[in-house]
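Both backbone and side-chain heavy atoms feed into the values below; hydrogens, waters and symmetry mates do not.
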Amino acid sequence: IYPSMMPMAPALRSARKPRQQTKAILALCLSFLYVAAAFVSDPLLTRVSPLANLSRCRRLVAPTSDPDPIKTSLGAVRLQLSSSTGPSQAAAATEGIEGYFDAWNRRDFGAAASVFAPECKYDDSLCNEPLKTRDSVRDQLSRMASALPPGTKLILDELAVEELGECVGARWHFEYRGRSLPFSRGCSFYTFDESTSLVKDASWVVESLFRPDEPGMALLSAAAPVISLFGQSDLPTPLPLSVDASVVERYFDAWNKRDMDAALDCFVDDCQYEDTAFYRPFKGKAKLRDHLEKNARGLASGQIMIDGVVVDNERRTTGAKWHFELNGEVVPGASGCSMYEMDHETGLIKSGFDASGSPVKLSQGQANLALLPMKFLNDLF
C-alpha cells in the first residue's frame, strides 16, 4: 500500500498554485486516513479478492453449455445467439442499463436493482467479496448514495452494447451541482441472461485514490529481476487471435507479446489514453509508447487477459473487462474495466480509459469509506 501512495509526492511538486498544493496535500492525508481506517476496523479488510471470484467470473463469461462458442484472443468468448433476437435483445440491454442509471439518480434503488437477476454476481472494485443477490445490490446502492453529497448524479458518459445484447460496457462519473466529484470516474461491464434479459454478472470499477504512477512503476521495474526468480522468466504464449478479433483485442495481444509497434498500430496518431493508475492522461503516440514500455518493464512477465469484450459498431465504442496475471498466475484483485472510442474513418482507437480496481478491499458495509474523499474535497473546493 505504501508504494502506491508514494507517487503523490510528484503531484505535490508539480502543483505550483497554492490551491493545487492544498488539494494534493488533502488527497495524501485522506489516503493515509482511509488505509488507517481499514486497518483499525479489521486488518483483514486489506486482503485482495479471493481467486475463486475470478474463476466464477470466467465460467459466466465462457459457459460450456452454449453451442459453438467462438473463442477470441486471451480467453474471451463471444456467444452465438439467434440473429432474429439480436435487435430486441440489444434494445432491451440498452434500456435496462439506461434505466438503471436513471433509477439511481431518482434514488429508486429498488427499480435500479430490478435490472439484475434475483441470483446474480455484482463485483464492486472496493469490496472484498462480490454481491450475490438482487437485494444485496439494492442495499449497496443505497449505502453508496448515502455516502455522497445529497443530489449527486450518476452520469452515463459512454455505452458499448453488443449487437445481440449479450453484454454492455459503460463509462460514467459522479456529478454534484454540475461539477464532477474527485476520484469518481469509472467503468462497468454487464453480462445479461439470454432468457430473462436481466443482468446476471456485473463488474463495477471506480478510479482508485491509490495510484502507482511513475515511482510505482520504477519500483516494480527494480523488483522485476527478483520476481523472476520465483517464476518463469519467459512470457507465456498468448492464445492465437481469432479471425474476427477487434482492434482492442489486437492491442491487448500485442502488449502481451511486448510488440509495442503492433500495439501502437491500433491507435490514431493524435490518440489520448487515460489510465487511472496514473495522474495524467497520455496524449499522442510518443507518450503512449513511453507509457506502454514502462509498464512492460515494470510488470516483467505480466499479462493482461481479457475476460469479456463488447464491440459496438453503431456507437464506435468498445468495452472490455480484464484481469492481470504474473508468471502465468492470476493476481488476486488486479482487474478492471476499460472503454475505448474508435475513429470513424480508420476504425482505430481514438481514446482509451482504463479503470483499475482498488488495491485496498473493504467489507460491503465499509466499502463506502472510499467515497468520503469525494465528498470532503467537493465540500472544501
Q: Give the cluster check for Val137 versus Leu198: same hydrophobic cluster or not, with ILVMFWY residues linked at side-chain heavy-atom distances below 4.5 Å.
A: no
Q | NZ/NE/NH1/NH2 to OD/OE distance under 4.0 Å, Asp135 and Arg138 | A | yes
Q.
Set out, in order, the CA-CA distance, both residues' side-chain angles and the distance that settles salt bridge (charged side-chain N to carboxylate O under 4.0 Å, His left out) for Asp253 and Lys257, then state yes or no.
A. CA-CA 6 Å; Asp253 181 67; Lys257 294 175 180 176; 3.1 Å; yes
Q) Under a 4.5 Å side-chain heavy-atom rule over Ile, Leu, Val, Met, Phe, Trp and Tyr, are Phe101 and Leu181 clustered together? A) yes
Q. Is it true that Phe353 and Trp172 fall in one hydrophobic cluster, defined by side-chain heavy atoms closer than 4.5 Å?
A. no
Q | salt bridge (Lys or Arg N to Asp or Glu O under 4.0 Å) involving Glu341 - partner list, sequence neighbours excluded | A | none
Q: Give a yes or no answer on whether the side chain of Ser356 reaches the backbone of Gly336 with a donor-acceptor pair at less than 3.5 Å.
A: no
Q.
I want to check something: taking the side chain as every heavy atom from C-beta on, are Leu288 and Leu264 in contact at a cut-off of under 4.5 Å?
A. yes
Q. Which word best sums up how the rings of His291 and Tyr273 line up, parallel for under 30°, tilted for 30 to 60°, or perpendicular for over 60°?
A. tilted
Q) Is a side-chain N or O of Thr276 found less than 3.5 angstrom from the main chain of Asp354, in a donor-acceptor match? A) yes
**Q.** ILVMFWY network linking Ile155 to Trp204, side-chain heavy atoms under 4.5 angstrom
**A.** no
Q) Are any of the side-chain nitrogens in Arg185 or Glu207 under 4.0 Å away from the carboxylate oxygens of its partner? A) yes
Q: Look only at the side chain of Ser114 and the backbone of Ala111, and say whether a donor-acceptor pair between them is shorter than 3.5 Å.
A: yes
Q | side-chain hydrogen bond (donor to acceptor under 3.5 Å, both in side chains) against Thr94, all qualifying residues, sequence neighbours excluded | A | none
Q: Identify whether Met339 and Phe278 are in the same connected component of the hydrophobic contact network (ILVMFWY, side-chain heavy atoms under 4.5 Å).
A: no
Q) With Asp269, which residues qualify under side chain to side chain contact (heavy atoms under 4.5 Å, CB included), at least two apart? A) Lys285
**Q.** Check: Asn105 side chain, Leu154 main-chain N or O, donor-acceptor pair, under 3.5 Å
**A.** yes
**Q.** Short N-O contact, Lys321 and Asp123, less than 4.0 angstrom
**A.** no
Q. Phe192: what forms a ring-ring contact (aromatic ring centres under 6.0 Å, His included) with it, not counting sequence neighbours?
A. none
Q: Could you tell me whether Lys294 and Asp290 make a salt bridge, using a distance below 4.0 angstrom between a side-chain N and a carboxylate O?
A: yes
(Q) One thing to verify: whether Arg289 and Asp261 come together as a salt bridge, which I'm taking to mean a side-chain N less than 4.0 angstrom from a carboxylate O. (A) yes
Q: Would you confirm whether Gln303, through its side chain, and Asn256, through its main-chain N or O, come within 3.5 Å as a donor-acceptor pair?
A: yes
Q) Does any non-hydrogen side-chain atom of Phe183 lie less than 4.5 Å from one of Phe174? A) no
Q. Tell me, which pairs form a salt bridge (Lys or Arg N to Asp or Glu O under 4.0 Å) where one or both residues lie in residues 101-116, sequence neighbours left out?
A. Asp102-Arg106, Arg106-Asp108
Q.
So, using side chain to side chain contact (heavy atoms under 4.5 Å, CB included) as the criterion, who are the partners of Leu348 when residues are at least two apart?
A. Val247, Val268, Thr346
